[in-house]
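Residue numbers begin at 1 in each chain, while the letters A, B, ... track the order of the sequences. This one's a predicted model, so the numbers in the text were calculated from it and none came from an experiment.
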2 protein chains.
Amino acid sequence: MPAGKPIPKPSVCVCLNVRRASRAITKLYDQALKPSGLKVTQFSALMNIDAHGPLTTSALAKILMLERTTLVRNLKLLENAGFIENSPSPDPRERQISITAHGRHAIGQAQTRWRTVQRQMKQQIGTEQLQMLGHLVTVLEGMADGQGTSPP
Amino acid sequence: MPAGKPIPKPSVCVCLNVRRASRAITKLYDQALKPSGLKVTQFSALMNIDAHGPLTTSALAKILMLERTTLVRNLKLLENAGFIENSPSPDPRERQISITAHGRHAIGQAQTRWRTVQRQMKQQIGTEQLQMLGHLVTVLEGMADGQGTSPP
DNA sequence: GATTTTTGCGTGTATATGCACGTATCACGC
DNA sequence: GCGTGATACGTGCATATACACGCAAAAATC
């Protein structure tokens, strides 16, 4: 077997640990999805657009818990690739985001691979830890929320 | 009290959960460190440069578990800000990364604030979850490692 | 009906991240 | 001394992410 690099122990800084975990798991999912041509971020956006029908950018941002402006640019890529459509809506302020046939085909390809990694991940991590992860997400987002806006 | 946004339940996708956690906690730390003018990523780089003396980019990358090329650009910013110095080494291939007085002053400012968030974080998350997090990091980095390189 | 507020979008600017490549130099074996 | 492989860097290209702004139009208020 190949040597394999020695992995530094987790940091004392909670934030860095989460960031390290994020980088590592993103790499795993992205590699798994690679043949489908989708990144895990794009896959998740597409899946949610498909699931929650045509919807506005803001609504999708809330679902994905992403900065709206971040999503705007992410969606631009999906639009350029022909996976989604960004059409006007009755209310001219809003935009209707909807998945295209091409987009559905893409997630079809990706889904199989996603299920595989997801299964592996669950096996390696364990149910208990997964639950704790869910809790961790909730706690952190709760904390980050309050701080966000207080002003006017 | 302000309404506060409703927080969507954690995703089924393990990867997305970790990414969400990463975004949330990064926001918390960055806000806490804001007055110091450092991002949490920069703070960690500076702290490690300070701790492990002058060292090469590659060495630091291993410590931080970062892509070397990513680190190169991150360091460029710290250098422009005058926090570090990137000087040549006996071996002309290598570079010596070292912290400057200005850099030490910066982490001095940041450290107090970091300790505060870190404490809050530990309180909110709990020892058990923190251990779980450490384990999660190890497992994920272990998995991501193997896949990496098999080549020639 | 006019004014103010709120809502929804997109852009400019900046950071973080990773992969594919190319370059220079050291360390080895011959 | 000369290839050869390994090592250390940096860059081009692409994505993800967030904050500060500005713009337009619906909604609410008077």
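When side chains are defined from C-beta on, A:I125 counts as touching B:L140, because their heavy atoms get closer than 4.5 Å.
Side-chain nitrogen and oxygen atoms of B:T57 include none within less than 4.0 Å of the OP1 or OP2 phosphate oxygen of D:dA8. Contact annotation: A:Q42 side-chain N/O to D:dA16 OP1/OP2 distance is under 4.0 Å. For the pair B:R68 and C:dC19, the criterion of a side-chain N or O lying under 4.0 Å from OP1 or OP2 is not met. Put simply, B:T70 has no side-chain N or O that comes within less than 4.0 Å of OP1 or OP2 on C:dA16. For C:dG8, neither phosphate oxygen OP1 nor OP2 lies less than 4.0 angstrom from any side-chain nitrogen or oxygen of A:T56. One finds a side-chain N or O of A:N74 lying less than 4.0 angstrom from the OP1 or OP2 phosphate oxygen of D:dT17.
With rounding to whole Å, B:L33 atom CG is found 16 Å from D:dA18 atom C1'.
Remark: the B:T26 side chain and the A:R19 side chain contain an N/O donor-acceptor pair separated by less than 3.5 Å.
A donor and an acceptor atom never sit less than 3.5 Å apart when one is taken from the side chain of A:T69 and the other from the base of C:dC9. On a pure distance criterion of 3.5 Å, a polar donor-acceptor pair joins the side chain of B:R93 and the base of D:dT7. In the interface, the side chain of A:R73 is paired with the base of C:dT13 through a donor and an acceptor atom under 3.5 Å apart.
Distance from the side chain of A:E94 is smallest for C:dC9 among the nucleotides C:dC9, D:dA25, D:dT15.
Other residues, nucleotides and ligands place no more than 12 heavy atoms under 6.0 Å from the NE2 atom of A:H105.
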